[in-house]
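Each remark here refers to the structure printed beneath this line.
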Protein chains: 2
Amino acid sequence: MCELLAMSANVPTDICFSFSGLLRRGGDTGPHRDGWGLTFYEGKGCRSFKDPEPSYQSRIAKLLEQYPIKSEIVIGHIRQANRGGVRLENTHPFERELGGRMWTFAHNGQLSNYKDLPLGCFQPVGNTDSEFAFCYLMGRLKQRYANGPRDPAAFARFVAKQADMFRAKGVYNMLLSNGRWLFAYCSTKLHWITRRAPFGTATLLDNDWEIDFAKETTPNDVVSVVATQPLTKDEDWHVMSPGQWVLFKEGEVIASN
Amino acid sequence: MCELLAMSANVPTDICFSFSGLLRRGGDTGPHRDGWGLTFYEGKGCRSFKDPEPSYQSRIAKLLEQYPIKSEIVIGHIRQANRGGVRLENTHPFERELGGRMWTFAHNGQLSNYKDLPLGCFQPVGNTDSEFAFCYLMGRLKQRYANGPRDPAAFARFVAKQADMFRAKGVYNMLLSNGRWLFAYCSTKLHWITRRAPFGTATLLDNDWEIDFAKETTPNDVVSVVATQPLTKDEDWHVMSPGQWVLFKEGEVIASN
């Protein structure tokens with residue numbers, strides 16, 4: 001089981017606190033030793049940091065834990081390999097361009113009987129079930145929205161339909177973003193939380209770091225975080241059930257089922 | 001004028017030495033204050049590090065200068081913005097997938113009268129002439145090689161033909177790689193060098209770092225470096241002339257005009 005992490009915010013926000021919790025699961029408090037990746041959107045641009053090294057040993061991860069990159073959307077993943085070797089090309093998040101936006105995808109789970117699905121324009125570089133599923137999804141999106149989707153709710157329903165199909169082929173917890181929207185789909189395990197004023201304090205489950213969000217934010221900030229398992233011990237996370245999905249924009253839920 | 005940097009090697013090799021020289025040109029010894037990026041291929045996988053910050057101030061650049069990522073192909077770029085604002089989405093190298101490989105592109109120069117060129121499958125995310133030219137090139141490559149090119153010399157001639165067309169529209173020094181081949185095209189200024197046994201020493205022009213390659217390599221290593229301007233003061237770099245191109249594979253020149 002891999003660990004997923006995502007953030008959607010209405011102002012550029014750093015993810016150091018949440019990433020710090022996740023990092024410990026990468027081979028220290030967790031078994032996820034097979035690489036990690038983090039994609040930051042800054043406006044329309046995005047940059048990904050990836051390492052096939054365990055995250056708790058990675059010098060790049062260490063830098064990112066301390067270096068506050070301010071971002072509106074983040075997608076992160078810590079890998080425990082099942083399908084596909086431990087190599088850079090198999091390290092999430094995966095990226096493809098559609099309609100002049102970079103799309104980013106991370107998956108937790110395992111799929112069977114997927115290789116006969118017809119791929120369109122997009123081909124996998126590595127050999128994971130995850131990247132295959134992403135390429136299939138992007139091909140379907142391109143078929144339907146040649147220049148990229150415009151209506152977020154219709155887009156989310158379309159992606160959820162593909163996700164239901166993959167859930168029938170195994171386990172398919174997933175995150176998808178184009179830098180504007182963040183889509184999260186639960187197949188077996190996924191949690192989310194929205195933080196807004198009045199902000200309180202929270203303590204990480206994995207390394208006891210306590211943060212006072214009131215000191216780090218302004219009263220208008222709205223920040224949602226999605227994670228495989230709750231990252232903090234003193235907040236109420238929404239527990240998603242199998243087949244549930246949520247679409248975030250600027251920190252707020254704008255559609256769900 | 002931006003600075004280009006690339007490497008092709010027959011064994012995974014780090015680029016710390018060359019990158020260290022280039023870094024100083026990013027706002028310190030040079031005027032290139034508008035971001036930088038570096039893409040490392042490791043097998044079929046690749047990872048890019050990008051920053052819209054000047055490279056000589058960038059904490060990520062500082063890490064990469066000291067952290068020896070071993071790679072067979074590297075493409076790097078330090079930007080002095082002309083067309084397109086200083087934003088992450090305008091920061092080179094640019095990436096797109098074709099035929100199950102990630103393709104990476106960096107450009108130095110400025111183009112005019114290019115916006116009417118028909119784009120195919122690939123759309124720019126930012127608003128630089130460089131990314132537009134890359135998307136056009138990738139569209140042409142996809143048209144001709146739906147599953148990616150197989151014959152390196154034919155591929156290089158095809159890309160050179162597109163490059164000649166862009167050179168007629170301005171300045172178009174460029175680097176392109178799919179992780180197997182490295183293509184370099186000179187429009188106004190580009191240099192390259194191949195290092196092989198017997199290895200000697202070299203001293204960086206920009207910060208006086210001297211390296212003894214004999215200590216860093218094995219006798220079978222072959223490493224080629226491409227740069228806008230020579231990076232070292234005690235080696236003979238090949239000076240490319242306008243319209244010249246070189247294709248490298250595993251450190252060796254495998255085609256040129």
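A note on names: the letters A, B, ... follow the listed sequences, proteins ahead of strands, and every chain is numbered from 1. Quick caveat: nothing in here was measured; it's all calculated off a predicted structure.
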> Should A/Phe40 and B/Leu88 count as side-chain neighbours, where that means a heavy-atom distance under 4.5 Å?
Replying inline: no
> With a 4.0 Å cut-off, would you call B/Glu97 and A/Arg96 a salt bridge?
Replying inline: yes
>> Counting C-beta onward and ignoring hydrogens, is there a side-chain heavy-atom pair between B/Lys44 and A/Asn90 closer than 4.5 Å?
In response: no
>> Please rank A/Asp51, A/Leu64, A/Leu98 by heavy-atom pairs under 4.5 Å with chain B and give me the top one.
In response: A/Asp51
> What's the shortest heavy-atom distance between B/Glu89 and A/Glu42, and which atoms?
Replying inline: OE1-O, 4.0 Å
>> Counting C-beta onward and ignoring hydrogens, is there a side-chain heavy-atom pair between B/Gln66 and A/Arg59 closer than 4.5 Å?
In response: yes
> Hey, which residues of residues 121-140 of chain B are touching chain A, say heavy atoms under 4.5 Å apart?
Replying inline: B/Cys121, B/Phe122, B/Gln123, B/Pro124, B/Val125
> How far does CZ of A/Phe49 sit from OG of B/Ser48, to the nearest 0.5 angstrom?
Replying inline: 10.0 Å
>> Only pairs of heavy atoms separated by less than 4.5 Å count here; which of A/Gly148, A/Gly43, A/Cys46, A/Ala146 has the most with chain B?
In response: A/Cys46
> If we only count heavy atoms from C-beta on, is the B/Lys62 to A/Leu63 side-chain gap below 4.5 Å?
Replying inline: no
